[in-house]
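Since we're looking at a predicted model, the values are computed, not measured.
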Protein chains: 2
Amino acid sequence: MTERITKRLRISKQVGTPLYRQLQQQLEDLIVSGTWRPREPLPSETELAARLDISVMTVRQAMGLLVNRGLIYREKGRGTFVAPRPLERSLQRLGSFTEDMRARGREPSAQTLLCEVVPAPAQIAADLGFCPGTPVLHLRRLRLVDGFPVALHDAYVTRTDITHAELNSVGSLYALLEQRGIELDEAREVLEAVVADTTTAELLRIRRGAPLLQVTRITWDRHHVPVESITALCRADMYHYSVTLRR
Amino acid sequence: MTERITKRLRISKQVGTPLYRQLQQQLEDLIVSGTWRPREPLPSETELAARLDISVMTVRQAMGLLVNRGLIYREKGRGTFVAPRPLERSLQRLGSFTEDMRARGREPSAQTLLCEVVPAPAQIAADLGFCPGTPVLHLRRLRLVDGFPVALHDAYVTRTDITHAELNSVGSLYALLEQRGIELDEAREVLEAVVADTTTAELLRIRRGAPLLQVTRITWDRHHVPVESITALCRADMYHYSVTLRR
DNA sequence: CAGTGGTCTAGACCACAAC
DNA sequence: TTGTGGTCTAGACCACTGG
C-alpha cells in the first residue's frame, strides 16, 4: 500500500528548489489529499533516503517541517505516522482575510468605507513603535463573505502609498503590500470578546449587544519592522477562530 | 560585548541532555533575561561551534528551536539576531489554566461545582472520537484569580479515576493527569464570542448579556489519543488571548 | 534481534551581504 | 574579498520498540 505510493515520489536535483522542500511538499500533498490515512506509517527515514538517493538528514529536515505543522508525529523506535486530525484547518499561518476565506472555499469581498492618511493615534503609534502623529494610512473596510457582512476592519498601515482604487482592484491588502516588495513575516494577534455598539451593529446587520470577536493584529516584515496594526470586529455567529497548541 | 557573554556558555558532553538542548536553553536564558538586547547579533554558527567544540549542525539545531519560538531571526548573509518583541507572553504553549496564571504572576484557584462520571454527550463523544455513552468524567469548575471569578470550565475527561478530593488538593487537572503518567502533547482550541446567560452571569458575577470569550479545547496525548474536551467561558474584561502567526 | 527515530560529526558548496 | 546563513552529504552511535 504505502510502497506503491512511495514510488510516486520524485525529487529533482536539477530544479532550483531545495530537496527537503520538494519532499515536504510531496509528502504534504499525499497527506492532505487523504492518500495516506491517519495513523498510517510513512516510509522510514532510511528507506526514503535510499529510494530518493538523498541523505537521511535531508529527509529529517522535510519531516521536521511536517511535525511543526502538526501533519505527522514521530515515535522513537516505532516510526513516523500521519496525524489524525479533524479536516478543519487550524494552522497558525499568517494570512489575509482574503486568503483565509479562499482557503475555506468561500468568496471574500470588501467595501471600503475609508482610505486616508492620518496622524497615528496614540495607541496605534505605540503598537507600531512610532512617535504619535507619524502619518499612517487608515483603512476602514467592511468584509463580506458570499455577499454577507462578517467583519469590520480598521487597519493602520505604515505604507501610505496605497489608493482606494488599487485596493478595490486587488482586493487583498496583503497582496498589495507584497507587490510593493514588503515581505510579511510574523504577526501577533490578541483576541477579545465584545458586544456590538449601534453603528457596528448596523454595518454588520446584527442587533446591538450581539457578541463580536475582536481580533487585534500587529504584523511585522522579515526585518522585524512593523507593517500594520489592524482591529477586526467579527460577527460571532459567522466567525470562529482556531489554534493549535503544543506542550 | 557579545564576546564577553559568549564566554559564559558552557556545554557538557558528559551530562545526559542533548548538546543542542543545552545550547538552546543557555541562549534562551541570555535573551529572555535581557542580557542580549533586541536586534543585537548572536555569535555566528561557526564561531559558536568552534568555541564550544561542537558541530555546526548542532548549533543550527539549537538556533532552529529559538527561531520557531520567535526569540531570534536569521538573515542570510548577515547573521542571527535577537527578535524585538513586546514582553507580553504569546507562545502557543499548551498549558493549564493554573500554569498560565502562575506564569503571569497571578494566583489561580478553583471551586469545584461538579465532579461525576457520566455517559458522554453526543458532541463530546464526537470531539473525543468515542461512541456516545462511553463513560467520561464531567468536571465543572469556577476558576478564580486572586479570589475573583474569571472563567467557568466544563471539562470532559477520558480518565474517570479522579476524585473531587484529589482535584481540590492538587488544584491543576493537568498536573493530576501527568501524575497518572499521561503525556499531554497537543491541543486544538476554538475561540468564539458569546454573551452570558443568567446562570453563567451569576457565577461569574457579571450582568446577563455581558461578553464572554468561549474557548473549546480538545487535548491529545503523545500517542494522539484524546484526553479531554473542555469548554471555558471567560469574562471578556479579565481574559484576553494572544497568538503568534508566521507566514 | 532488527528496525526506528534521536543525536552528532566534519566536512562541502552555494547565495547573499557588507565592505 | 570575507563572513554569514542555507543546503547537503555520508557516515556514526545511541535508546527505544517490537517480535
Looking only at side-chain N and O atoms, does B/E186 offer a donor or acceptor that is under 3.5 Å from a partner on A/Y73? no
Length of the CZ-C1' vector between A/R78 and D/dG19, whole Å: 13 Å
Can you tell me the distance, in whole Å, between the OH atom of B/Y73 and the C1' atom of D/dT4? 14 Å
Do the non-hydrogen side-chain atoms of A/K13 and A/I54 ever get within less than 4.5 Å of each other? yes
Heavy atoms of other groups near A/R180 CZ, more than 12 under 6.0 Å: yes
Under 6.0 Å from the CZ atom of B/R106, do we count more than 12 heavy atoms belonging to anything else shown? no
Parallel, tilted or perpendicular: rings of A/H138 and A/Y156 (30°, 60°): parallel
5'-most contact on DNA chain D (nearest-nucleotide basis), A/G77 vs A/Y20, goes to A/Y20
Inter-residue atom distance B/R217.CZ - B/D127.CG, 0.5 Å rounding: 14.0 Å
Students should find this one: the first and last nucleotides of DNA chain C, 5' to 3', lying under 4.0 Å from a heavy atom of chain A. What are they? C/dG3 to C/dC8
For D/dG3, does OP1 or OP2 lie under 4.0 Å from any side-chain N or O of B/S44? no
